[in-house]
Amino acid sequence: MAAESLNVIALISGGKDSFYSLLHCIQNGHRIVALANLHPPGPDAAPASEVQEEKDLNSFMYQTVGHEVIPLYARATGIPLYRQPIDGGTVRHERDYAYDASQPDVDETESMLTLLSTIKRKHPEANALCSGAILSTYQRTRVESIAIRLGLTPLAYLWKYTALPSPVAPANEAQLLIDMASAGLEARIIKVASAGLDESHLWEVASSEAGSARVKNALRKFGASDGASLGEGGEFETLVLDGPDCLFKKKIAVPEEGRRVVREGGGSTWLLTRGAHLQDKHSLNASSSMNVRVPDLFDPRFAQILEDLSGRPLVAATAKHEGSETKPLAKIDIADNGNPELFTWKFTSNKAFDSSRITEETSNIIDKLSEALATHGLDAAQLTTVVIILRNMADFPKVNQVYGSLFNSPNPASRVTISCGKLLPEGRNIMLYATAPPVSTTPTRDGLHVQSRSYWAPANIGPYSQAIDIPITKNNVALGPRSVYIAGQISLIPCSMTLPTPSSSSLIQQITLSLQHMWRIGTQMNVQQWTSAVAYFDKSASEEDMRNKAQLASRAWRMMHAEPEEEEEEAALDPWDLKYNTQYMSLATNESSKPRPLPDREVFPLRRQNEPETCIPPFFAVEVEELPRQATVEWHAHVGLSRLSDTSTQLVSHGESQLDGWRSWNTVVRADDGIFIHTVLANIGSPGAKSSLGAIAADAQGKYQESIRLLGADLLDVAAHSPYLMYVDSGSLVGWEESPDGIQMPCGVVPSYSISTASGERASCVAVFRLSIDVS
């Protein structure tokens with residue numbers, strides 16, 4: 001699937017990041033139609049020779065120092081430049097931004113809307129907007145908000161660039177500056193505002209090996225956090241004077257006598273430039289190619305998985321009890337098993353609908369969801385995760401339009417979308433399952449909602465987040481650990497949002513790439529352990545074909561839980577967190593706030609760490625009808641767990657002999673105020689047997705009660721505890737039961753053509769439970 005060429009408006013500040021992002025746009029086959037710049041209030045495009053006010057705006061959103069040089073970029077590049085004063089100030093301080101028309105004061109972000117609207121009128125072909133965000137969610141979400149409202153595709157090719165594969169080992173945190181130098185960018189430091197940097201660093205070429213090393217070493221003396229060597233936290237700012245010939249036809253020069261030091265105090269010092277002018281370039285070659293480094297598609301560990309899956313023949317899988325435990329847990333004394341930790345809802349329409357009325361049917365379901373939220377004092381902003389099951393994937397755009405009307409706040413629920421075709425109940429073309437916590441626990445909800453194209457992970461196309469993070473609670477009391485819900489991940493190439501080119505190896509590439517997406521998002525959200533996961537596959541041509549898919553995915557899952565040869569790269573902290581989040585408001589990152597690896601073996605008791613097979617969460621391959629974008633595979637992690645203490649977690653399984661044909665996996669997390677137990681049950685022992693949905697769920701509930709009892713917990717009311725999600729092989733299902741209120745389901749149900757365990761066995765049902773309990 002070829003990527004389309006976009007017509008890009010490039011936001012430029014004069015700094016290195018915006019120009020290097022612009023170069024990546026060109027590298028990816030896009031055309032720059034206009035440059036856009038916002039400057040401090042005052043005369044627009046004032047000549048560089050004029051005396052400027054000796055005060056920097058110090059905006060957390062826009063770089064304004066050096067703005068007197070900006071007008072020269074139009075003639076230097078030959079690209080039209082449009083400028084506008086910044087209107088308003090920083091009204092909205094939150095990290096994640098969404099436009100709110102009810103706000104009485106206008107945030108400075110909205111200045112972009114007016115400027116870009118003007119540019120769109122003059123360049124109606126423009127359909128994309130690029131910016132230089134690397135780690136700042138604060139800046140990225142504001143640019144995305146404006147871009148989406150104007151129908152522009154947001155591009156942020158530098159997003160998480162520091163976490164992507166490096167050309168050298170060990171990775172150099174200042175590699176981006178060296179890459180800029182290799183591309184021919186001349187970016188000089190024009191402002192310093194951090195301990196370790198002083199006037200001697202002004203006018204240094206940051207985009208050079210020597211300059212970047214000097215900056216990095218100066219900041220390290222004061223324990224600066226990740227991203228500081230790139231200036232991501234405002235440590236320094238740069239001014240680009242030259243670039244590759246294909247972009248810069250002339251270069252900018254600022255005479256030494258025109259560079260005046262302005263000392264603002266508080267460690268902030270910058271250069272006021274006067275007399276800037278253009279100079280001809282020697283031996284200009286505008287047709288020369290750029291040396292812009294595009295990071296490798298796969299991280300080293302996933303590249304190894306790709307090689308392993310491609311090079312090793314498939315062999316018959318042997319049954320193995322993942323997570324087997326040699327002895328039960330110590331007895332768990334229950335103090336209270338009262339209110340649910342999460343509301344779990346399942347919705348179908350009240351009546352049958354013809355497939356041509358999918359919009360009306362979706363509206364019926366969304367009305368039900370809205371009513372359920374309102375009944376519990378919630379709104380769509382508190383939803384954590386949604387599963388949408390369609391009869392026809394071609395209906396997804398219409399469904400998405402209705403579903404999207406629910407959300408007007410940042411970080412909508414994470415989402416999984418699949419098609420189960422004719423396996424849905426007769427006359428039903430959509431089923432929707434949703435979860436949300438009680439209202440009192442929602443203020444600490446967090447999310448990751450990246451809508452820009454980058455090299456990191458797929459952008460969100462539609463009203464969903466890559467991940468939602470909420471505390472694990474019991475009776476509205478946070479236990480300490482947190483649940484992270486990752487959206488379903490298909491194998492889109494992040495920079496183009498296209499699937500890998502069909503080939504003999506595309507299945508392996510799709511399995512590996514989509515799993516990498518899930519891992520990168522999980523790592524960014526500080527996930528330390530998955531409870532369980534499924535890989536959805538589109539309908540296979542034969543049973544053997546599906547077995548091969550399941551075995552490949554199972555092998556990839558196991559490899560990612562094997563002991564890594566080298567330490568994982570640490571995820572960088574967002575600059576917004578460093579400035580506003582009390583957990584990180586120190587220049588130096590202390591040990592307790594450093595990200596943990598995924599998987600994090602320290603959360604298991606020592607004996608378990610030495611038995612890696614017992615630390616692998618359960619995995620299942622589920623065969624459905626179709627996946628979004630006609631992908632072959634979609635990975636879905638049920639729950640990611642974060643903020644786990646060392647030795648707090650156990651993975652305990654019980655086999656068929658103990659559960660009469662069923663197998664269970666229990667992830668047990670102990671905290672000071674309670675215990676969280678996530679349980680997955682698989683029916684391995686009833687091939688070919690047919691039952692009603694109610695009977696299947698009742699059987700699963702009985703096995704769940706027995707599994708919990710085997711853990712040492714005697715829960716009197718657990719028999720009434722339903723799974724929050726259940727996968728059912730359609731061959732074992734008698735049919736769907738209908739009532740005046742719709743299809744009768746004990747929980748969210750995914751009807752499947754087949755279900756396979758990690759060890760290759762066929763399962764007729766997989767049921768997923770979660771439980772938070774108080775302990776005395």
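Just so you know, residue 1 is the first one in the sequence shown, and it goes up from there. On a predicted model such as this, the values are computed, not experimentally measured, just so you know.
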Go through Leu272 and Arg274 one step at a time and tell me if the side chain to side chain contact (heavy atoms under 4.5 Å, CB included) criterion holds. CA-CA 7 Å; Leu272 176 64; Arg274 297 171 179 165; 3.3 Å; yes
Verdict with reasoning, Lys249 to Lys281, per side chain to side chain contact (heavy atoms under 4.5 Å, CB included): CA-CA 7 Å; Lys249 317 306 186 222; Lys281 301 176 72 169; 6.0 Å; no
From CA spacing to verdict: side chain to side chain donor-acceptor pair (under 3.5 Å), Tyr464, His449: CA-CA 7 Å; Tyr464 70 99; His449 188 207; over 6 Å; no
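Taking the side chain as every heavy atom from C-beta outward, Val192 and Trp270 never approach each other to under 4.5 Å. A heavy-atom distance below 4.5 Å is found between the side chains of Asp280 and Lys250. Taking 4.5 Å as the limit, every side-chain heavy atom of Asn37 sits out of range of all side-chain heavy atoms of Tyr73.
For the side chain to side chain donor-acceptor pair (under 3.5 Å) test, no residue two or more places apart in sequence or in another chain qualifies with Ser21.
Side-chain contact annotation: Thr118 with Arg121, donor-acceptor N/O pair under 3.5 Å present. When only modelled atom types and interatomic distance are considered, Ser642 and Gln528 share no side-chain donor-acceptor pair under 3.5 Å. With 3.5 Å as the limit, one finds no donor-acceptor pair spanning the side chains of Ser136 and Arg140. In summary, the side chains of Thr273 and Glu68 do present a donor paired with an acceptor at a separation below 3.5 Å, with no hydrogens or angles considered.
Between Glu4 and Arg453 there is a salt bridge, since a side-chain N of the basic residue sits under 4.0 Å from a carboxylate O of the acidic one.
Under the 6.0 Å distance and 45° angle rule, Arg142 counts as a cation-pi partner of Tyr138.
Evaluation of the salt bridge (Lys or Arg N to Asp or Glu O under 4.0 Å) test over residues 456-470, restricted to residues two or more places apart or in two chains, returns Asp469-Arg482.
If you run side-chain hydrogen bond (donor to acceptor under 3.5 Å, both in side chains) between Arg95 and each of Thr137, Asp446, Thr141, only Asp446 comes through.
Between Tyr82 and His123, the two ring planes are perpendicular [angle over 60°; tilted spans 30° to 60°].
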Check residues 175-187 and write down every donor-acceptor pair under 3.5 Å in which the side-chain atom is one partner and the other belongs to a residue at least two apart or another chain.
unit_1, atom_1, unit_2, atom_2, d
Gln175, NE2, Asp179, OD1, 2.8
Asp179, OD1, Arg293, NE, 3.3
Asp179, OD2, Tyr161, OH, 2.8
Asp179, OD2, Arg293, NE, 2.8
Asp179, OD2, Arg293, NH2, 3.1
Ser182, OG, Ile178, O, 3.2
Glu186, OE2, Arg188, NE, 2.8
Glu186, OE2, Arg188, NH2, 3.3

